[in-house]
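Numbered from 1 within each chain, the chains take letters A, B, ... in sequence-line order. Computed over heavy atoms, backbone and side chain alike; hydrogens, waters and symmetry mates excluded.
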Amino acid sequence: MNEQLKAILEVLIFISQEPLTLEKIKEVLGEVPDEELKAALQALQEDYASDSRGIQVIQTAGGYLFTTKPEHDQWVRRLLQIEKKTKLSSAALETLSIIAYHQPITQAEISAIRGVDSTYSLKTLLQKKLIKIVGRKKAPGNPLVYRTTERFLQYFGLNSLDDLPKEEEIAKILEEEKQSIS
Amino acid sequence: MNEQLKAILEVLIFISQEPLTLEKIKEVLGEVPDEELKAALQALQEDYASDSRGIQVIQTAGGYLFTTKPEHDQWVRRLLQIEKKTKLSSAALETLSIIAYHQPITQAEISAIRGVDSTYSLKTLLQKKLIKIVGRKKAPGNPLVYRTTERFLQYFGLNSLDDLPKEEEIAKILEEEKQSIS
Amino acid sequence: MEQEIQDYQIQNEVSQSSTDEGYQVKLEIFEGPLDLLLFLIRKKKIDIHDIPIAVITRDYLEYLEKKEQINLDREAEFLFIAALLIYIKSQMLLPREQEVSQEDDPRQILVDRLLEFQKIKVACTILREKEENQLLRWKRTFMPPVAKPDELDLLDVSLFDLAETFFLIMKRKERENFRVIKGKDVSVEEKLKEIVDYLEKNGSMDFLEYFSNQETLEEALVAFFCLLELVKNHTVIAIQEQLFQTIRVWLRKDRPHHLPHGQSHE
């Protein structure tokens with residue numbers, strides 16, 4: 001067995017987003033005898049077939065692909081759920097930044113700025129206790145009004161809302177690039 | 001060795017795109033004795049250490065992560081058809097090191113250590129998410145304060161800030177340099 | 001032998017300085033004034049703690065005049081350090097009554113900065129090595145496919161799916177000339193117990209099969225009602241393996257201890 005070849009195949013399959021086809025492999029590696037290639041691929045698959053491995057190399061849609069083994073599905077699900085909980089989506093971040101700079105603000109105002117409905121983001125942020133409802137606006141429909149929380153300040157290491165980076169400061173950082181290029 | 005546990009850890013680390021921390025692992029798995037967990041993680045790392053493996057489990061930014069091994073860089077780039085990754089400019093690296101050792105630190109403080117204005121470097125580093133603004137200093141002008149990020153650790157393959165080159169290591173290199181000059 | 005090495009190094013330096021300009025431009029453009037100062041100090045093999053300030057100031061100013069080696073965007077900053085050097089030099093020239101202590105040494109401010117900067121420069125070379133090594137490693141930037149569980153794609157079933165499936169079965173039964181035998185009374189309580197007992201014994205139940213085996217329409221309807229109740233009060237879970245296929249029913253592990261009551265009214 002060509003161990004070196006097997007290692008390279010492992011790398012290629014690992015890094016490839018689609019099932020890695022034989023043609024693609026040959027395109028990358030150049031001249032490799034077919035038999036040697038197939039032997040190495042088979043050896044690689046066998047390496048991962050053992051029960052002590054949690055992942056496997058499968059052949060699908062005309063190519064090779066790493067996937068997790070079905071018996072570990074519950075752990076995968078649990079991890080993904082936890083990840084989902086801890087991550088702030090870009091939509092949520094957008095919403096949070098708008099609230100931070102425009103508070104107090106209503107959902108309609110946030111949605112108007114973002115150009116998309118923000119109900120779900122608001123829910124997420126409320127759950128994470130980064131924002132809170134502080135009352136209702138005296139306006140038609142009496143919409144709820146949102147503000148950032150203490151926890152928001154803590155999370156971003158701010159003493160008060162006055163500490164939020166000002167527009168000029170950010171602009172200055174961003175401007176510098178133009179000057180140094182020109 | 002708990003082979004089953006090792007297989008599950010392999011799955012969990014494999015599906016994470018960011019370094020998987022021990023805390024997260026414990027959150028997913030629930031009650032597992034620390035020693036058993038560490039033994040399984042080490043066994044997993046050893047499995048992949050062999051030259052016949054192209055990928056490996058590294059410990060970085062406080063977690064475990066699958067990456068390809070450095071010696072296979074060229075094959076990855078051929079597959080993805082991308083150029084070599086670019087290094088940081090020496091100015092940016094200098095600025096980053098100063099932040100790493102002196103954090104939390106303001107722009108003025110950085111510039112004082114470097115002897116030159118560091119606005120542009122800061123911007124580059126912020127964009128690459130190697131540093132972040134963490135608040136303001138209680139000082140005249142309330143300047144913004146910078147810190148390195150998790151991504152910084154990952155970028156250099158450091159597990160924590162404790163892994164930064166230490167005083168003694170630096171002193172040793174300086175001593176060697178002195179001797180090679182004289 | 002040692003002598004030879006030294007000679008070689010001296011020669012080397014001579015040859016460097018003879019092509020000074022070309023050498024410098026190629027190898028080093030000083031990013032900042034501290035860079036340049038450190039370079040001069042190392043070149044002259046000077047002890048950083050005891051800098052001959054007059055010599056260094058002269059060398060430094062010479063470099064500034066040539067300008068090719070400095071980053072011109074940084075000219076003001078280079079000039080600032082030049083001013084500092086000249087200031088220190090002037091302080092050194094002042095007559096003093098006794099040996100200066102370290103804190104009083106006008107060079108101290110510069111020495112502290114150079115030491116710190118030197119430390120950072122070394123750290124940079126170490127970090128650069130780490131960076132180069134890390135840049136050769138690749139991590140995945142996408143989520144790898146997650147294997148499907150062995151039992152195919154499981155869909156959590158809504159009550160609607162459940163009801164729809166039931167009526168499809170009933171229609172089929174009708175077509176099969178379902179015999180309606182009147183007179184056999186089945187109580188809800190009995191049926192509930194029967195289903196749960198069956199599940200406890202067999203683990204799971206094939207919805208379609210179970211209903212096909214009901215003797216009368218009335219019994220089948222009662223059974224269906226019971227199943228809905230069991231789903232509603234979380235005693236069982238109903239899963240459809242694929243759309244339009246049979247529905248499997250399992251007892252929940254966390255089911256309540258009591259069976260639902262047959263009547264929804266008090």
Original post:
If you count heavy-atom pairs under 4.5 Å between each of A:Leu153, A:Leu20, A:Ile82, A:Ile15 and chain B, which one has the most?
Top reply: A:Ile82
Original post:
If you count heavy-atom pairs under 4.5 Å with chain A, which of B:Arg78, B:Glu71, B:Arg147 comes out on top?
Top reply: B:Arg78
Original post:
Of the backbone (N, CA, C, O) and the side chain (C-beta and beyond), which part of A:Ser50 lies under 4.5 Å from a heavy atom of chain B, both, or neither?
Top reply: neither
Please output the side-chain donor-acceptor pairs of residues 156-165 of chain B that fall under 3.5 Å, not counting sequence neighbours, one pair per line with the distance.
from	atom 1	to	atom 2	distance (Å)
B:Asn159	OD1	B:Gly62	N	2.8
B:Ser160	OG	B:Asp162	N	3.2
B:Asp163	OD2	B:Asn159	N	2.9

Original post:
Taking side chain as C-beta onward, heavy atoms only, is B:Ile105 less than 4.5 Å from B:Ile113?
Top reply: yes
Original post:
How about B:Thr67 and A:Phe14: do any of their side-chain heavy atoms sit closer than 4.5 Å?
Top reply: no
Original post:
Going by residue number, which parts of residues 93-103 of chain B are within reach of chain A, meaning a heavy-atom gap below 4.5 Å?
Top reply: none
Subject >> Pick from B:Arg53, B:His72, B:Lys24 with the largest number of heavy-atom pairs that fall under 4.5 Å of chain A >> reply: B:Arg53
**OP:** Output the option from B:Gly135, B:Pro104, B:Ser52, B:Ser16 having the highest count of non-hydrogen pairs under 4.5 Å with chain A.
**Re:** B:Ser52
Original post:
Most heavy-atom pairs under 4.5 angstrom with chain A, which of B:Leu80, B:Asn142, B:Asp51, B:Ile55?
Top reply: B:Ile55
Subject >> Salt bridge flag under 4.0 Å for residues A:Lys26 and A:Glu23 >> reply: no
Subject >> Note: A:Glu109-A:Lys137 ion pair, threshold 4.0 Å (strictly below) >> reply: yes
**OP:** Would you name the heavy atoms of B:Arg77 and B:Glu83 that are closest together and state the gap between them?
**Re:** CD-O, 3.5 Å
Original post:
Which pairs with one or both residues in residues 122-132 of chain A pass side chain to side chain donor-acceptor pair (under 3.5 Å), sequence neighbours excluded?
Top reply: none
Original post:
Between the side chains of A:Glu10 and A:Tyr48, does any donor sit under 3.5 Å from an acceptor?
Top reply: yes
Original post:
Where on B:Asp47 is there a heavy atom nearer than 4.5 Å to chain A: the side chain, the backbone, both, or neither?
Top reply: side chain
Original post:
Once you round to the nearest 0.5 Å, how far does CG of A:Leu125 lie from CG of A:Leu130?
Top reply: 6.0 Å
Original post:
What option among B:Thr68, B:Leu79, B:Val134, B:Val145 has the most heavy-atom pairs under 4.5 Å with chain A?
Top reply: B:Leu79
Original post:
Sequence neighbours excluded, which residues qualify as side chain to side chain contact (heavy atoms under 4.5 Å, CB included) partners of A:Leu29?
Top reply: A:Leu5, A:Ile8, A:Leu9, A:Leu12, A:Ile25, A:Val32, A:Leu37, B:Trp75
